[in-house]
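For reference, the structure discussed in these notes is given below.
Protein chains get the first letters and strands the later ones, always in sequence-line order, with residue 1 at the start of each. Quick caveat: nothing in here was measured; it's all calculated off a predicted structure.
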Protein chains: 2
Amino acid sequence: MPRRKSPTVYDVAEHAGVSIATVSRVLRSPEKVTVSTRERVLAAVQDLRYVPNASARGLAGRRTGVLGLLIPGHDISTASRRPVDASGTIEFLDDHHDSHGGPFRNRYFEQLVHGAEAATWDAGYGLLIAAGSSVSRDMVVRDLTGRVDGLAVIARTLPDELITRAADSVPLVLVAGRLPGTTDSVSVDNRGGMSALTEYVLRVKPPGPTLYLAGSVDSPDAVERELGFRDALAAHPGPWHTAAADFSWQGGHEAALEQLRSGPPGAVIGANDQSALGALAALRVAGVRVPEECVVTGFDGIDESRYSHPPLTTVRQPMADLGIHAVEALLSRIADPGAEPRDLRLAVDVLLRQSSELSAPTD
Amino acid sequence: MPRRKSPTVYDVAEHAGVSIATVSRVLRSPEKVTVSTRERVLAAVQDLRYVPNASARGLAGRRTGVLGLLIPGHDISTASRRPVDASGTIEFLDDHHDSHGGPFRNRYFEQLVHGAEAATWDAGYGLLIAAGSSVSRDMVVRDLTGRVDGLAVIARTLPDELITRAADSVPLVLVAGRLPGTTDSVSVDNRGGMSALTEYVLRVKPPGPTLYLAGSVDSPDAVERELGFRDALAAHPGPWHTAAADFSWQGGHEAALEQLRSGPPGAVIGANDQSALGALAALRVAGVRVPEECVVTGFDGIDESRYSHPPLTTVRQPMADLGIHAVEALLSRIADPGAEPRDLRLAVDVLLRQSSELSAPTD
DNA sequence: CTGAAAGCGCTTACAG
DNA sequence: CTGAAAGCGCTTACAG
């Protein structure tokens with residue numbers, strides 16, 4: 001437990017026999033102070049276990065030294081659900097169904113936070129994280145705005161209008177989305193990724209038409225990915241169909257069944273993993289061997305894609321890098337508030353797994 | 001981009017024709033202000049888009065309004081690895097091996113952060129998160145200390161001595177570990193969980209001795225879990241062995257092979273999931289059917305436990321609740337700095353999966 | 001219920 | 001290189 005009242009610059013100054021200005025200098029720009037006095041001050045800091053007060057520093061320095069990260073909301077009720085000090089009251093849960101998972105069906109969030117966290121502290125800042133709970137998005141934004149020097153917002157956690165408004169009072173970067181001309185952004189090369197993946201598929205796939213499982217029409221990601229698909233098709237023409245799968249397992253499943261009626265496809269390319277997994281299940285039931293008779297691929301790299309039968313080749317967004325670049329974009333913006341908004345595009349990775357590899361290793 | 005200099009209480013006061021004290025009151029304790037003036041002030045706040053400066057508030061109010069969460073470090077290099085604005089430079093990665101994952105092999109971190117985040121904002125605080133990168137643990141702690149009103153530290157991210165020292169200058173709660181008599185803590189009922197699980201196993205298991213895969217001797221978790229195992233054994237005697245598996249896949253694998261030489265076990269109870277999964281693999285190769293001939297269980301609830309063949313029955317720590325309770329403990333401590341250190345124990349859940357269920361549903 | 005004033009603990013020109 | 005002093009934008013007794 002904290003004992004005594006914390007020491008201040010005044011205490012340190014007195015202890016070292018200097019003025020508070022000198023104490024401050026030793027801490028902020030040591031090169032401006034003689035070695036001998038610097039050492040005396042540092043010793044006093046040690047002796048008193050002095051820790052600078054961040055609020056005072058922030059107020060005087062006109063910067064908080066903190067960056068904010070706004071991530072999608074969640075459903076966690078903070079009314080605690082686990083009994084406390086209740087040894088023996090263990091609950092047995094049937095976990096055969098996909099019971100948990102929450103809003104994050106993959107490790108993206110974790111990686112993003114890690115990337116942002118590392119970059120933030122490297123730069124000498126702190127990272128404040130907030131999840132826009134649907135109720136109080138507006139309040140959280142207001143609150144954050146007053147606490148940070150810059151704010152990274154994950155796409156779709158906030159309505160565009162709120163983002164624009166927030167960007168008016170604090171440096172802001174949009175992550176995994178864009179608002180061209182309005183704010184800085186860092187997003188991923190959806191189009192290039194899908195194009196590269198499709199080219200690869202067209203090269204290795206067995207005979208048969210290619211089925212593209214299109215995503216939701218209102219999603220920018222879906223639009224970009226489909227453009228990538230068509231880019232590749234233009235370069236490697238061949239028979240193909242598109243079916244609306246709406247990013248869902250069900251959608252992919254039905255689209256595959258429909259396709260199977262007119263003969264088995266040689267490849268199924270999903271706009272995301274969920275729809276590809278739905279198609280995979282349909283093919284399996286229909287007795288179509290993957291990848292020998294049909295190659296299947298997804299996009300996103302959700303956990304399930306690693307554990308399906310066979311594991312799904314997919315495209316992964318570099319989430320840690322998104323976090324890192326978001327922070328860097330914020331720092332640039334803070335350094336040069338007047339610069340033109342910039343949109344950064346990060347390259348993606350293709351994860352090759354057995355659903356596309358005819359000579360895949362077996363483990 | 002942020003345009004003009006932000007408005008202050010003075011601007012709002014002038015705009016509303018009141019003093020700054022009244023503005024402050026409207027924001028902090030509205031009930032102390034007449035409805036009519038309150039509305040006038042609120043209108044001014046709206047008009048000017050006033051956002052309180054957190055640093056000034058923190059300095060004047062002697063609280064930062066921020067809680068800190070220190071999580072385990074990571075290896076993410078912030079020297080960015082993904083090419084930027086490089087459409088087409090997609091990398092193809094062989095993902096047949098367990099190539100990624102990092103320090104968090106499960107979703108614990110994510111859930112913990114979510115729980116802590118929700119509870120923190122619910123209480124009107126912000127959440128500052130930091131990962132102790134090995135280099136600068138000491139600095140990060142110092143830095144955090146000055147920025148927050150309370151600090152939650154995940155067990156094993158910091159040497160005990162550093163924790164004790166930090167606890168001296170800021171309210172601190174240890175999460176998933178204990179330092180009895182020194183700091184508040186929130187941890188999990190390892191002993192009760194293992195005891196409940198073991199009792200269940202002893203009840204449903206087929207004939208044959210029970211093999212317990214013990215964890216690392218220097219781990220408090222291992223000690224507690226083994227005590228739980230023995231508690232259950234005392235109540236349901238029967239043949240059993242213990243083997244050191246050191247929390248590792250390899251350790252569990254070898255222990256199972258060794259056991260198989262003297263005959264197949266009727267149950268294998270791992271002190272953690274990794275070792276249980278190692279044993280599971282050994283049993284599978286040896287042709288022992290799980291769960292028909294041998295029941296297998298783990299502890300932790302890592303991702304892999306859901307996707308093994310068969311899926312592994314295990315004990316899950318309620319990470320979100322750990323986060324929530326950690327925050328609550330911090331808030332109590334802040335409210336009553338003089339109280340005795342408290343150690344909270346949360347109950348765990350047993351996740352029943354096919355590795356222990358003889359009549360398990362098939363999907 | 002409202003206002004004047006002190007003070008929170010720093011940083012940073014400005015002199016010397 | 002060092003110090004005196006102003007000021008950062010709030011909150012909070014204290015009067016009235």
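Listed pair A/Thr34 / D/dT2 meets the phosphate criterion, a side-chain N or O lying under 4.0 Å from OP1 or OP2. Applying the 4.0 Å criterion to OP1 and OP2 of D/dG3, one finds that A/Ser19 has a side-chain N or O inside that range. The side chain of A/Arg62 places no N or O atom within less than 4.0 Å of a non-bridging phosphate oxygen (OP1 or OP2) of D/dC8. At D/dT12, none of the side-chain N or O atoms of B/Ser24 fall inside 4.0 Å of OP1 or OP2 (strictly under the cut-off).
Across all strands shown, A/Val18 has heavy atoms under 4.0 Å from sugar-phosphate atoms exclusively, and none from any base. Within 4.0 Å (heavy atoms only), A/Ser55 reaches no atom of the nucleic acid at all.
Taking atom CZ on B/Arg28 and atom P on D/dA13, their separation rounds to 13 Å, with Å as the unit. Summarising the geometry, the separation between OH on B/Tyr50 and P on D/dG9 is reported as 10 Å, rounded to the nearest angstrom. Computed from coordinates, the B/Leu59 CG to D/dT11 C1' distance equals 10 Å when rounded to whole Å. Between the CD atom of B/Glu39 and the C1' atom of C/dC1 there is a distance of 16 Å, given to the nearest Å. Atom P of nucleotide C/dC10 and atom CZ of B/Arg147 are separated by 14 Å, given to the nearest angstrom.
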Quick one, B/Val26 with B/Arg40, criterion side chain to side chain contact (heavy atoms under 4.5 Å, CB included). Give me CA distance, side-chain angles, the key distance, then yes/no. CA-CA 10 Å; B/Val26 169; B/Arg40 217 149 19 103; over 6 Å; no
Evaluation steps, side chain to side chain contact (heavy atoms under 4.5 Å, CB included), between A/Val33 and A/Val41: CA-CA 10 Å; A/Val33 180; A/Val41 171; over 6 Å; no
Worked check of side chain to side chain contact (heavy atoms under 4.5 Å, CB included) between A/Ile20 and A/Thr8: CA-CA 9 Å; A/Ile20 61 163; A/Thr8 72; over 6 Å; no
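Residue A/Val9 has its side chain nearest to C/dC10 when only C/dC10, D/dC10, D/dT2 are considered. Comparing C/dG3, D/dG3, D/dT11 against the side chain of A/Ala21 picks out D/dG3 as the nearest. With D/dT11, D/dC10, D/dG3 as the candidates, the nucleotide lying closest to the side chain of B/Tyr10 is D/dC10. Listed candidates were D/dG9, C/dT2, D/dA4. Nearest to the side chain of B/Ala60 is D/dG9. Ranking C/dC8, D/dT2, C/dG9 by closeness to the A/Asn53 side chain, first place goes to C/dG9. Closest to the side chain of A/Thr22, out of D/dT2, C/dT11, C/dG3, is D/dT2.
A distance-only check finds no donor-acceptor pair linking the side chain of A/His15 to the backbone of A/Asp11 [under 3.5 Å].
For the pair A/Val23 and B/Lys32, nearest-nucleotide mapping onto DNA chain C gives the more 5' position to B/Lys32. Between A/Ile20 and B/Thr37, the residue anchored closer to the 5' end of DNA chain C is B/Thr37, taking for each the nucleotide with the nearest heavy atom.
Atom CG of B/Leu172 sits about 10.5 Å away from atom OG1 of B/Thr182, to the nearest 0.5 Å.
A donor N or O paired with an acceptor N or O is found under 3.5 Å between the base of C/dG3 and the side-chain atoms of B/Arg25.
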